[in-house]
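Letters go in sequence order (proteins before strands), and every chain restarts at 1.
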Amino acid sequence: MARHLITSAIPYINGIKHLGNLVGSQLPADLYARYLRSRGHEVLFLCATDEHGTPAELAAAKAGKAVAEYCAEMHDVQARIADGFGLSFDHFGRSSSPQNHRLTQAMAGRLAEMGLIREVTEDQVYSVTDGRFLPDRYIEGTCPNCGFESARGDQCDNCTKQLDPTDLINPRSTISGATDLEVRTTKHLYLRQSELKGALADWIDSKKDWPILTTSIAKKWLNDGDGLQDRGITRDLDWGIPVRKGDQDWPGMEGKVFYVWFDAPIEYIACAQEWQDAGKGADWKRWWRTDKGADDVRYTQFMGKDNVPFHTLSFPATIMGTQEPWKLVDYIKSFNYLNYDGGQFSTSRGRGVFMDQALEILPSDYWRWWLLSHAPETSDAEFTWDAFQQDVNKDLADVLGNFVSRITKFCRSKFGETIPAGGTQGAAEEALIAALTQRLTAYQGHMDGIEVRKAAAELRAIWVLGNEYLQANAPWTTIKTDPDTAAMQVRLGLNLIRLYAVLSAPFIPDASKVLLDAMQTDDAAWPDDIGAALTALPTGHAFTVPDNLFRKITDDERAGWAERFAGVRT
RNA sequence: GGCGCGGUAGCUCAGUUGGUUAGAGCGAUCGACUCAUAAUCGAUAGGUCGGGAGUUCAAGUCUCCCCCACGCCA
């Protein structure tokens, strides 16, 4: 038994995430966490909401709420939806938690002690009306080069010329439209990542088994141009973690907060404190401090490819820079994007399916199965309603659901709702057990290696073995001449249902529970020995015939959903 | 424009350090079965592995050039 710390990239607070976000981090992380728990390992699976920064402030303003209130509400919304998808976080924290405030300030203070923070004075555009400094993308004006009227502060989208906000003619705030902008001098803290470039490069180079997507992105940022750049870790905002040096004031930094990308990954650690403080566990340092027992912890992070630079460089730089014994990540599993029907998911255009909508139209297992079995591991993947309908109907309803249906109903009609007695296993059963054993080994190998699609394919093949067995041995024929053998075949089939419930639980936990309930057992132990596992339900054990495990998606439904989620064309 | 991940059967994808007739699932066609959610099981068809050149006894797998799609950056 090993100890596994697992974190999913923390979703931003300003709205409900779409299926692409889900399959890019939270869902595969949950799959892995559930699998490892089933195998008997000790798991701490953490996720949180990422709550700071300008977008949160703007979203709150748009909703007419105070930021703190807005974030609290949205956190609850996201937590509820995550629960709906069966995401089995040990704790779903908040980057705005007091624990994260203290830890972020402590880390910044420590980095300053280590000489890794420098102060930089710079000019930034300030909006008097908005009462805030404006990041480049919140400034628009007329391009001095081509006359395009909606050029952004950093670049003209029309002629692609690179701009400074001060170049713009008639600059205005995109937040309020205000034109009373002025340039003000402000001071910020920079993390001297460039000092840590060598250590980071060595560390990345030592990770030979990481996905190529992960290391190639890290190396690009490490080596491109002038190499890894120092990064500003503070902002002139109200909402965020106040800049302090540990528990001391930071002279000259009054009224400023840490940049969201500095405090967000630190929440991975703070979240463990929240977990303990919420009474869900004890001794959080045992998971995070190598001097307090975390040496034998294997830490795996899950994220979309857009998050890779922060997890391979910025956050490790923070941790290494402290020279304190914090746990560094052991394995980063990164994902490409899921596209929606030939394009991108789009929040602003309402294009694609969002997590709350998905749960409105179908149970979570449908989504879990399809998304995981098509996880964008090697390249971007594509969601289409045709494929979704076809795959889900075939895999879940026809292959697995119908297997359960045919064997339970056959047993009920011939033997009643108890495991029938009689008969002995022979060559066919021996062959089935051998095939199952081989596939189980492959399945475990793929799950251990977090090869999500391959694991799904192997699990499906395990389901198919059940149908093959029934088809080849035809208890409905056997019973006419040899009722004892038919009883043995049915007994085996019913035990297969329990086995499938156990093996499938990481992918489709709800269906798995329905199956265990129907078999009237709570024996969900992962099988060491397939032959033994197929005798777990003994002769005479009562069961019930469950309702159809998965109903099929109809053509009308598919067509309706395709239209409903197509979004506004522009 | 620079960089990155890709471009393998109609569709979604596997293809280890280059090595026998390039694989799987779905879809299609045919057949078997009739316990079951018009389900299942089997068989068959289908690919000059984006294009070209090269290295090699041997290349989907290495090298170079080009094309296409997507993404990131400036």
Pick the nucleotide of RNA chain B nearest each of A:N548 and A:A387; which residue has the one closer to the 5' end?
A:A387
For A:E451 and B:rU16, what is the distance between atoms CD and P respectively, to the nearest whole Å?
12 Å
Whole angstrom is fine here: how far is it from NE2 in A:H374 over to P in B:rC26?
12 Å
Considering only heavy side-chain atoms of A:K454, the closest of B:rG42, B:rA14, B:rC26 is B:rA14
Phosphate-side-chain proximity, A:R453 and B:rG25, N/O vs OP1/OP2 below 4.0 Å:
no
P gap between B:rG2 and B:rC65, integer Å:
12 Å
In whole Å, measure the gap between the P atoms of B:rG42 and B:rG27 for me.
13 Å
Pick the C1' atom in B:rG31 and in B:rU17, then give their distance to the nearest Å.
43 Å
Expressed as a whole number of angstroms, how long is the span from A:N339:CG to B:rA69:C1'?
11 Å
B:rA39 P sits how many Å from A:W463 CH2, rounded?
17 Å
Please give the distance between the C1' atoms of B:rC67 and B:rG52 as a whole number of Å.
10 Å
Looking only at atom P, what distance separates B:rU48 and B:rC66, rounded to whole Å?
26 Å
Is A:K414 touching bases, backbone alone, or none of the nucleic acid, heavy atoms closer than 4.0 Å?
nothing
May I ask you to check whether over 12 heavy atoms, not counting those of A:K513, lie within 6.0 Å of atom NZ?
no
Working for ring pair (Phe, Tyr, Trp, His ring centres under 6.0 Å), residues A:H311 and A:Y268
CA-CA 11 Å; A:H311 289 78; A:Y268 289 142; 5.6 Å; yes
Hunt down the Watson-Crick or G-U wobble partner of B:rG2, both distances under 3.5 Å, from any strand shown, or write none.
B:rC72
Just the rounded figure in Å: distance from C1' of B:rC13 to CG of A:D395.
13 Å
Stacking between B:rC35 and A:W476, yes or no? Criterion: centroid separation under 5.5 angstrom, plane angle under 30 degrees.
yes
Does B:rU37 have OP1 or OP2 under 4.0 Å away from a side-chain N or O of A:K394?
no
Taking atom types as modelled, find out whether A:Q444 and A:Y35 have a side-chain donor-acceptor pair closer than 3.5 angstrom.
no
Just by distance, with hydrogens left out, do A:Q389 and A:D555 show a side-chain donor and acceptor under 3.5 Å apart?
yes
Roughly, in whole Å, what's the span from CD in A:Q389 to C1' in B:rC11?
14 Å
In terms of side-chain heavy atoms of A:D398, which of B:rG71, B:rA39, B:rC35 is nearest?
B:rA39
Check whether more than 12 heavy atoms from other residues, nucleotides or ligands sit under 6.0 Å from atom CD of A:Q520, and answer yes or no.
yes
Under a 3.5 Å limit for both distances, which nucleotide forms a Watson-Crick or G-U wobble pair with B:rU20, could you say?
none
What distance, rounded to whole Å, do you find between the two C1' atoms, one in B:rU44 and one in B:rA9?
14 Å
Length of the line joining A:K552:NZ and B:rC26:P, which is rounded to integer Å
13 Å
Under 4.0 Å, heavy atoms only, any strand: does A:F550 hit a base, just the sugar-phosphate, or nothing?
base
Do A:Y340 and A:F565 come within less than 4.5 Å of each other through their side chains, counting heavy atoms only?
yes
Please work out if A:V464 contacts a base, only the sugar-phosphate, or nothing of the nucleic acid, heavy-atom cut-off 4.0 Å.
sugar-phosphate
Looking only at B:rA39, B:rG42, B:rC13, the nucleotide nearest the A:E468 side chain is B:rG42
Between A:T544 and A:E417, do the side chains contain a donor N or O and an acceptor N or O under 3.5 Å apart?
no
Step-by-step side chain to side chain contact (heavy atoms under 4.5 Å, CB included) determination, A:K17 to A:Y12
CA-CA 8 Å; A:K17 304 299 126 182; A:Y12 199 67; 4.1 Å; yes
Identify which nucleotide among B:rU40, B:rG71, B:rG27 has an atom closest to any side-chain atom of A:K305, counting heavy atoms from C-beta outward.
B:rG71
Heavy-atom nearest nucleotide on RNA chain B taken for A:E377 and for A:S413; more 5' hit belongs to A:E377
Take atom C1' in B:rC5 and the same atom in B:rC72, then report the distance between them in whole Å.
11 Å
Who is the Watson-Crick or G-U wobble partner of B:rC62, with both distances under 3.5 Å?
B:rG54
Distance check needed: B:rG25 P versus A:N467 CG, whole Å only.
14 Å
By nearest atom, which of the nucleotides B:rU34, B:rC35, B:rG71 is closest to the A:F410 side chain?
B:rC35
Reckon A:I479 touches a base, only the sugar-phosphate, or nothing at all at heavy-atom distances under 4.0 Å?
nothing
Please give the nucleotide sitting opposite B:rG46 as a Watson-Crick or G-U wobble pair, both distances under 3.5 Å, or none.
none
For atom C1', what is the distance between B:rA59 and B:rU8, given to the nearest Å?
14 Å
Checking N1-N3 plus N6-O4 or O6-N4 for Watson-Crick, or N1-O2 and O6-N3 for wobble, each under 3.5 Å, the partner of B:rG25 is B:rC11
